[in-house]
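Given the structure is predicted, the values throughout are model-derived calculations rather than measurements. Order of the sequence lines sets the chain letters (A, B, ...), proteins ahead of strands, with each chain counted from 1.
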Amino acid sequence: MTSTAGFARSVYDVVRRIPSGMVASYGLVALALDRPRDARQVGRALFVCREADVPCHRVVNRNGVLTGAWAFETPTEQREKLLSEGVAFDLQGRVDMALHCVRADELTDP
DNA sequence: GACATGACGGCAC
DNA sequence: AGTGCCGCCATGT
């Protein structure tokens, strides 16, 4: 019970801390939870996420690719939201991680 | 209970 | 810099 459901809750808690205009990789979220090997489970947790207060569109993979765009209502929803928050994309349609990747200590509660 | 899959990541080539 | 392969772990069949 607390294994997966609790994990998912922790994931949502971390994702909620991602500032507008910034993004985080799945691995970074997992790292913030002290589980560097559970990046895939982060994705799965977001897949089952139904809470609107969780900015799951700010979570991308380590390459800045919107691998989970298909999980949104429309394939372009994630990109549109990020664009409206000021996130810049490169010519290959990837997020500029050097500029928009949030730092790990921004996700962990000090 | 074993096998295949996946919103991933790191490392080798 | 891009591509490929393997490792991790929970789920579904």
May I ask you to verify if any side-chain N or O of Ser25(A) is less than 4.0 angstrom from the OP1 or OP2 atom of dC8(B)? no
With a cut-off of less than 4.0 Å, is there a side-chain N or O of Gln92(A) near OP1 or OP2 of dA1(C)? no
Integer-rounded Å distance: [N] [atom2] and [X] [atom1]:
{"X": "Phe47(A)", "N": "dA10(C)", "atom1": "CZ", "atom2": "P", "value": "18 Å"}
{"X": "Phe72(A)", "N": "dA7(B)", "atom1": "CZ", "atom2": "P", "value": "13 Å"}
{"X": "Arg62(A)", "N": "dG7(C)", "atom1": "CZ", "atom2": "C1'", "value": "14 Å"}
{"X": "Asn63(A)", "N": "dA7(B)", "atom1": "CG", "atom2": "P", "value": "15 Å"}
{"X": "Arg37(A)", "N": "dC6(C)", "atom1": "CZ", "atom2": "C1'", "value": "13 Å"}
{"X": "Arg44(A)", "N": "dC8(B)", "atom1": "CZ", "atom2": "P", "value": "11 Å"}
{"X": "Leu66(A)", "N": "dC8(B)", "atom1": "CG", "atom2": "C1'", "value": "14 Å"}
{"X": "Met97(A)", "N": "dA1(C)", "atom1": "CE", "atom2": "C1'", "value": "17 Å"}

Among [options], which nucleotide has an atom closest to any side-chain atom of [X]?
{"X": "Thr4(A)", "options": "dT11(C), dC9(C), dC8(B)", "answer": "dT11(C)"}
{"X": "Arg94(A)", "options": "dT11(C), dG2(C), dC9(C)", "answer": "dG2(C)"}
{"X": "Leu46(A)", "options": "dA7(B), dC9(C), dG2(C)", "answer": "dA7(B)"}
{"X": "Ala71(A)", "options": "dC8(B), dG6(B), dA7(B)", "answer": "dA7(B)"}

[X] (side chain) donor-acceptor with [Y] (main chain) under 3.5 angstrom:
{"X": "Arg58(A)", "Y": "Met22(A)", "value": "no"}
{"X": "His100(A)", "Y": "Gly21(A)", "value": "yes"}
{"X": "Ser25(A)", "Y": "Leu28(A)", "value": "yes"}
{"X": "Gln78(A)", "Y": "Thr67(A)", "value": "no"}

Please state whether the base of dG6(B) and the side chain of Arg40(A) form at least one donor-acceptor pair under 3.5 Å? yes
Taking His57(A) as the fixed residue, which of Val87(A), Leu82(A), Val23(A) is the one that meets the side chain to side chain contact (heavy atoms under 4.5 Å, CB included) rule? Leu82(A)
